[in-house]
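What's counted below: heavy atoms across the whole structure, side chains too, no hydrogens, waters or symmetry copies. Letters A, B, ... mirror the listed sequences (proteins, then strands); counts begin at 1.
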There are 2 protein chains.
Amino acid sequence: MSSSSATRRVTDTRRSREISIADIARVAGVSHTTVSRALRDSPLISEETRKRIQQLALEMGYTPNAIAQSLQTRRTSTIGLVVTSIADPFLSEVVRGVEEVARSAGLSVFLSATHNDPAQEIAVIETFHRRRVDGILVASSRITGEYKQRLDQIRVPTVLINSQAESQYELLHWVAVDDVAGARLAVEHLLTLGHRAIGYLGTNSRPRSCRQRREGYQAALASAGLVPREEWVIVMAAEEASPQEDVLCGRRALQRLLDAGVTAVFCQNDMMAVGILMACYRRGLAVPAELSVVGFDDIEMASYISPPLTTVRQPRIELGRLAMQVLLDLLQDQEGCNHVLSPMLVVRESTAQPSTSRPATRR
Amino acid sequence: MSSSSATRRVTDTRRSREISIADIARVAGVSHTTVSRALRDSPLISEETRKRIQQLALEMGYTPNAIAQSLQTRRTSTIGLVVTSIADPFLSEVVRGVEEVARSAGLSVFLSATHNDPAQEIAVIETFHRRRVDGILVASSRITGEYKQRLDQIRVPTVLINSQAESQYELLHWVAVDDVAGARLAVEHLLTLGHRAIGYLGTNSRPRSCRQRREGYQAALASAGLVPREEWVIVMAAEEASPQEDVLCGRRALQRLLDAGVTAVFCQNDMMAVGILMACYRRGLAVPAELSVVGFDDIEMASYISPPLTTVRQPRIELGRLAMQVLLDLLQDQEGCNHVLSPMLVVRESTAQPSTSRPATRR
DNA sequence: ACTGCTAATGCACACGTGTGCAAAGATCAA
DNA sequence: TTGATCTTTGCACACGTGTGCATTAGCAGT
């Protein structure tokens with residue numbers, strides 16, 4: 001009994017029951033109904049009692065119980081945000097944009113990571129569904145066909161951000177950046193500088209963006225009447241989709257690229273470009289004098305490294321904001337429409353005219 | 001009427017009521033009590049009906065309503081995480097550690113940002129309280145005395161991570177890195193290399209860590225019988241506590257440091273060090289040959305820039321994991337204890353012996 | 001004085017789940 | 001056969017809030 005009472009005491013101390021509208025009602029000598037209405041500024045309540053009760057609530061330190069409200073209204077004012085990795089510099093800006101818009105709309109956001117594992121992705125979504133979130137955002141989703149049925153059951157308004165899944169479902173909405181166009185911008189920039197032997201470095205950890213950026217790369221070369229040689233295109237195998245892994249891929253790939261004889265390389269993302277730059281620093285290869293490097297994403301780091309990286313900017317915060325905005329529309333029963341954002345080339349100092357090849361054609 | 005019915009239809013389509021244990025009970029021909037117990041593997045239920053009901057729940061695609069459960073059990077299995085900025089590379093690792101441990105303990109985490117504004121910090125905490133989170137984590141808190149009363153009312157188990165507030169409350173628990181010791185490590189490293197004119201560069205946007213790291217800096221110099229000249233110590237004024245702002249501070253400070261005649265500089269954080277490195281790159285100053293630079297935090301970027309940055313590592317993920325662990329203890333009515341983690345020096349390539357000063361004393 | 005109307009309030013139920021207690025049925029011992 | 005014990009189930013209430021409907025009071029009009 002002593003242990004039981006001790007436990008009780010601790011519990012009571014810590015969880016000293018929150019005061020409810022019933023408590024306020026008791027003190028004010030009215031029904032809980034009246035309190036509920038008064039706090040919600042219902043026109044049914046007289047000016048006088050409303051003021052009195054609101055004042056009382058303040059004095060008693062009342063905080064509405066959002067759980068009870070949610071149960072009643074069947075709305076949680078809550079959304080779930082699923083990302084592959086929280087520490088990814090690309091995603092954290094997206095998260096920031098999402099949180100910003102969500103917060104100003106009075107929504108709270110659950111955050112969870114999946115480590116690029118489709119099974120975990122579904123698990124997280126199911127957890128969010130259990131919590132009855134009003135909507136779900138998924139960044140870099142890898143949901144494949146086998147989960148379609150489960151998603152159909154859940155049926156929560158969902159918006160994908162830069163989905164990596166190859167197939168689309170009419171149920172899901174999405175927001176994405178035009179990978180093909182972005183890649184074209186990057187490669188056209190290198191072509192303009194005079195490069196002809198241009199490599200592509202990608203990773204299979206984000207299959208869709210890898211494929212599309214490669215398509216853009218090839219299209220740009222084709223427009224210039226060039227066909228990339230097989231050894232110019234390198235797609236590294238990586239199980240994780242982490243920044244560390246990407247850098248490592250970049251570092252490992254430099255030798256192969258040099259062997260292939262390229263004078264410039266377009267990387268699937270900035271972290272891979274960083275890996276290339278590190279490898280160049282190690283072996284004393286001057287960038288951009290001896291090798292031009294272009295990235296993709298324009299993460300913060302891109303402008304802080306030496307030399308500052310020429311890259312293709314994805315409007316990361318905008319991507320998050322927009323996705324959240326689309327979700328907000330869906331939550332208000334409006335028709336959500338999908339968006340393709342245009343990326344933009346940011347020329348910094350990791351690209352220049354080729355020196356080892358013959359001089360570029362001047363016009 | 002037509003518009004009303006249309007609205008109704010849309011609503012019904014989208015929010016086709018989730019099935020509840022009552023629905024299962026109806027189909028199974030038992031009471032909802034039995035279903036509830038069967039799903040929770042209560043020993044009160046016979047093996048046979050339990051199996052039958054669990055199977056039925058599966059077939060009917062039942063997902064427990066966590067909101068209703070929370071209302072009943074007075075536990076949400078939810079925590080709130082408050083950060084100053086989501087995109088901060090230091091914090092995102094902390095968030096990662098928190099989420100990792102929380103998730104494996106079956107807790108979901110709300111994330112919200114305050115932009116280093118104490119008022120918003122309180123607002124976020126109140127929102128979390130409304131949602132009846134079981135606990136709260138605050139990174140780089142700036143809660144000042146004026147909010148103490150409000151916090152007393154709320155009384156949710158709270159753990160601070162690297163709090164920036166100068167005063168402590170016995171109510172709150174905390175986890176932090178030993179700033180003084182970290183700074184000593186950095187400066188002693190520079191002293192060992194032979195530097196004597198060592199600068200300190202800080203920012204007032206994180207007042208407590210600025211003060212403590214400066215103390216460590218001065219203590220280390222004092223141990224070597226040195227007293228820093230006034231112009232060696234620069235504390236930049238910044239309203240925002242953002243990575244961008246820190247870099248800018250670093251870039252702006254270089255000239256003043258050079259004017260002060262230092263051969264090495266210890267920066268309050270890595271981003272400021274990055275700013276210094278950028279400024280050096282711009283003016284063609286060789287690092288570490290002409291100036292040694294040490295940072296603090298060891299964010300990912302530190303190892304990726306050129307030259308790789310010598311810095312003091314804060315165990316960022318550990319910080320997040322540990323804070324969450326302490327909170328878990330508190331949630332189980334165990335006594336939570338505070339922790340001071342020891343930082344660690346990571347020597348890379350931004351530090352070397354001074355060349356412009358007289359040779360260091362060899363032993 | 002009676003009717004009709006408006007304003008203000010409370011009753012009772014709903015949201016979906018968990019649990020103490022009673023009750024019914026089953027089993028067993030005497 | 002009876003009483004006792006155990007197993008299994010359901011009733012009824014609780015958690016805290018929102019809302020349709022009934023009720024009461026007040027007031028004006030006839």
Distance-only side-chain donor-acceptor flag, B:Glu126 / A:Thr63, under 3.5 Å: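 Checked: B:Glu126/A:Thr63 side chains show no N/O donor-acceptor pair below 3.5 Å.
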
**Asked** For residues 38-49 of chain B, which residue pairs qualify under salt bridge (charged side-chain N to carboxylate O under 4.0 Å, His left out), counting only residues two or more places apart or in two chains?
**Response**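 Pairs touching residues 38-49 of chain B that pass the test: B:Asp41-B:Arg50, B:Glu47-B:Arg50, B:Glu47-B:Lys51.
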
| said: Can you pull out every salt bridge (charged side-chain N to carboxylate O under 4.0 Å, His left out) where at least one residue sits in residues 22-32 of chain B? Sequence neighbours excluded, please. | reply: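 Residue pairs with at least one partner in residues 22-32 of chain B: B:Arg17-B:Asp23, B:Asp23-B:Arg26.
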
(request) Take A:Glu100 and A:Met324 through the side-chain contact (heavy atoms from CB on, under 4.5 Å) test and state the conclusion after the steps. (result) CA-CA 9 Å; A:Glu100 190 181 301; A:Met324 188 62 228; over 6 Å; no

Open item on the list: Tell me whether A:Arg321 is salt-bridged to A:Glu318, with the criterion being a basic N under 4.0 Å from an acidic carboxylate O.
Closed with: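 A salt bridge is present here (some side-chain N lies under 4.0 Å from a carboxylate O).
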
*What does B:Ser70 touch in the nucleic acid at a heavy-atom separation under 4.0 angstrom: a base, only the sugar-phosphate, or nothing?*
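Nothing: the residue B:Ser70, judged by heavy atoms under 4.0 Å, touches no strand.
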
Worksheet item: Can you tell which of C:dA8, D:dT9, D:dG10 lies closest to the side chain of B:Ser46?
Response: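 Between C:dA8, D:dT9, D:dG10, the one nearest the side chain of B:Ser46 would be D:dT9.
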
Can you give me the N/O atom pairs linking the protein to nucleotides 16-19 of chain D at distances under 3.5 Å, or say none if there are none?
| from | atom 1 | to | atom 2 | distance (Å) |
| --- | --- | --- | --- | --- |
| D:dG16 | OP1 | B:Arg74 | NH2 | 3.3 |
| D:dT17 | OP1 | A:Tyr62 | OH | 2.5 |
| D:dT17 | OP1 | A:Asn65 | N | 3.3 |
| D:dT17 | OP2 | A:Ile21 | N | 2.7 |
| D:dT17 | O2 | A:Gln72 | NE2 | 3.1 |
| D:dG18 | OP1 | A:Arg40 | NH1 | 2.6 |
| D:dG18 | OP1 | A:Gln69 | NE2 | 3.2 |
| D:dG18 | OP2 | A:Ser36 | OG | 2.8 |
| D:dG18 | O6 | A:His32 | NE2 | 3.1 |
| D:dT19 | O4 | A:Thr33 | OG1 | 3.3 |

